[in-house]
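Quick notes on the structure that follows.
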Amino acid sequence: MALIKFPTKTVNSDAVNPYVNSIFDSFFNDSFITDRLVTRVPAVNISETQNAFRIELAAPGLQKSDFKINVDKNLITISVEKKEEVTTEEKLYSKREFSYSSFTRSFTLPETVDYNSIDAAYTDGVLSVSVGKKEDAIVAKRLIEVK
């Protein structure tokens, strides 16, 4: 059995003017408005292998040149700032639409990171950043026999 929560209204919520709340609800639930009000931060997957850490960032529609990856001490920052401008010239007027998309994601790196072995690749809308580990941080696996 599943529990489903329905929105509850108080008795006096629409008592003053029942149309005002419905107008504001439809205005703020409009996709044109909400697309511009909501900031979009790409989803991230972080995994660890024996030799490296891997950061995968889902950012479709961008190009390799849009990304900036900075490493400062133990902090890696991935950022994008992209500006698109579409201009349509018609009869006596001009219509312009601007689109800005930017985000910044920062991650704290552990002490076991080898700063000389950080690589990044952007393929099929996914940015993959590989952060290598120091040699002394890579633990050798072995089987321990119980005596």
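Starting from 1, each residue takes its place in the sequence as its number. Nothing here was measured: the structure is a model prediction, and the numbers come from that model. Computed from heavy atoms alone, side chains included, the values below leave out hydrogens, waters and symmetry copies.
- Tyr122 contributes no side-chain N or O that, together with a main-chain N or O of Asp66, makes up a donor-acceptor pair within less than 3.5 Å.
- Atoms CG and CZ, from Leu57 and Phe103 in turn, are 5.0 Å apart once rounded to the nearest 0.5 Å.
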How far apart are the C-alpha atoms of Asn45 and Val126, what are their side-chain angles, what is the distance that settles it, and do they pass the side-chain contact (heavy atoms from CB on, under 4.5 Å) test?
CA-CA 10 Å; Asn45 292 333; Val126 177; over 6 Å; no
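- In this structure, Ile78 is not a member of the same hydrophobic cluster as Val41, with clusters built from ILVMFWY side-chain heavy atoms closer than 4.5 Å.
- In this structure, Arg105 contributes its side chain and Pro42 its backbone to a donor-acceptor pair below 3.5 Å.
- Taking all atoms of both residues into account, the shortest heavy-atom contact from Ala52 to Ser130 is CB-OG, 3.9 Å.
- The cluster map of Ile, Leu, Val, Met, Phe, Trp and Tyr, joined by side-chain heavy atoms under 4.5 Å apart, puts Ile46 and Tyr115 in the same cluster.
- The OG1 atom of Thr104 sits 8.5 Å away from atom CD of Glu81, with the distance rounded to the nearest 0.5 Å.
- Between Glu48 and Lys133 a salt bridge is recorded (basic side-chain N to carboxylate O distance below 4.0 Å).
- Residues Phe67 and Ala59 come closest through the heavy atom pair CZ-CB, 3.9 Å.
- The structure places CG of Asp119 at 10.0 Å from CD1 of Ile69, a figure rounded to the nearest 0.5 Å.
- Note that the CG atom of Leu109 and the CZ atom of Phe53 stand 8.5 Å from one another [nearest 0.5 Å].
- From Ile118, atom CD1 reaches atom CD1 of Ile55 across 8.5 Å, with rounding to the nearest 0.5 Å.
- Atom NZ of Lys134 and atom CG of Asn51 lie 15.5 Å apart (nearest 0.5 Å).
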Please determine whether side-chain contact (heavy atoms from CB on, under 4.5 Å) holds for the pair Phe107 and Val131, giving the CA-CA distance in whole Å, both sets of side-chain angles, and the decisive distance to 0.1 Å.
CA-CA 12 Å; Phe107 306 97; Val131 181; over 6 Å; no
